[in-house]
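Numbers here are sequence positions counted from 1.
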Amino acid sequence: MSGGRRGSALRRPVSTGLGAAVALVAAGTLTLHAVPAQAATCTGYVGLTFDDGPSGNTPNLLNALRQNGLRATMFNEGQYAAAYPAQVRAQVAAGMWVGDHSYTHPHLTQLPQAQIDSEISRTQQAIAAAGGGTPKLFRPPYGETNATVKTVEAKYGLREIIWDVDSQDWNGASTDAIVAAAGRLTNGQIILMHDWPANTVAAIPRIAQGLAARNLCAGMISPQTGRAVAPS
């Protein structure tokens, strides 16, 4: 989905709370639990994904996810990863996984192979340079793909990830509607959300509660199968 709806909100500095906690862990005075308490009762895993970041809303999103014991995959645009590398590092520090979502969010199926290659390769480089590692997952903008796109993905060793449930947050969905969409997820499935909508951040606590009530946990997306699995 398009990242063009994002406003020009001032990008706020990432909270230093995590760094302070890491220091306390090193000093032996605090124990961090990387997985939510309900993980012991997980009977399945789902993939929470957020496209189009990083943005001015990224700190809010990461705070909400951390506070509710959730991990997610952030499909970043290369142009924003290059412009805001500190926020890419913040995503990783918060326990998130980072994927490739093209450099400028074009309709890839309308481009020649050389331009598709540029969109993907520049994003791989931008994310790696920002400290996000080398992505293994790729989400084509708008979910549009074809044989040429898949050929370029294969060149970079990327697994194409679409989604099973569309939250419609990009289309102005209410917080209630986003929560309801997450409620349709079943084991192994993936939901499309975005980095920038305020309603999405507001939905996070209720999404966490709904998953816990169904003994589902937020997992990683396997580069081998493209499905949500237990974090490794």
Side-chain angles (χ1 to χ4, degrees), residues 3 6 9-26 30-39 42 45-78 80-101 123 126-137 139 161 167 169 178 182 190-209 211-212 216-221 223 228-232:
R6 182 184 306 114
L10 178 66
R11 281 161 164 86
R12 285 175 258 180
V14 176
S15 170
T16 58
L18 185 64
V22 170
L24 288 172
V25 170
L30 177 67
T31 301
L32 281 184
H33 297 282
V35 293
Q38 68 267 25
C42 288
Y45 292 87
V46 298
L48 307 179
T49 69
F50 297 88
D51 289 10
D52 296 352
S55 75
N57 197 47
T58 300
N60 295 329
L61 175 60
L62 293 179
N63 286 337
L65 290 168
R66 280 200 308 259
Q67 289 167 8
N68 289 279
L70 298 178
R71 299 177 72 184
T73 301
M74 307 295 185
F75 284 103
N76 286 341
E77 291 181 38
Y80 300 127
Y84 306 102
Q87 295 209 26
V88 177
R89 293 192 293 274
Q91 291 171 336
V92 175
M96 309 304 154
W97 299 279
V98 180
D100 185 321
H101 192 42
T123 304
I127 289 173
T134 300
K136 298 178 181 178
L137 306 176
R139 172 165 286 162
I161 304 297
S167 71
D169 64 347
I178 295 166
I190 295 165
I191 184 170
L192 170 69
M193 294 180 283
H194 289 75
D195 172 278
W196 45 269
N199 285 348
T200 302
V201 173
I204 297 299
R206 291 168 57 196
I207 288 174
Q209 292 165 3
L211 292 177
L216 293 172
C217 290
M220 64 178 283
I221 299 173
V229 298
S232 60

Say you draw a straight line from [atom1] of [X] to [atom2] of [Y]; how long is it, rounded to the nearest 0.5 Å?
X    : Y    : atom1 : atom2 : value
F75  : I221 : CZ    : CD1   : 4.5 Å
K136 : M220 : NZ    : CE    : 7.5 Å
T200 : L48  : OG1   : CG    : 11.5 Å
I161 : L137 : CD1   : CG    : 5.0 Å
I191 : S167 : CD1   : OG    : 5.0 Å

Discussion item. Looking at every heavy atom in both Q87 and S55, which two are closest together, and how far apart are they?
Written reply: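 Closest approach of Q87 to S55, heavy atoms only: OE1-O, 3.0 Å.
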Practice prompt. Return the minimal non-hydrogen interatomic distance between V88 and A130, and the atom names on each side.
Written response: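 In this case the closest contact between V88 and A130 is CB-CB, 3.8 Å.
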Expected output: side-chain [X] to main-chain [Y] donor-acceptor under 3.5 Å:
X    : Y    : result
D195 : F50  : no
T73  : V98  : no
R71  : G95  : yes
T123 : E77  : no
D169 : H194 : yes

Worksheet item: With A203, which residues qualify under side-chain contact (heavy atoms from CB on, under 4.5 Å), at least two apart?
Response: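 Partners of A203 under the side-chain contact (heavy atoms from CB on, under 4.5 Å) test: T175, I178, V179, I207.
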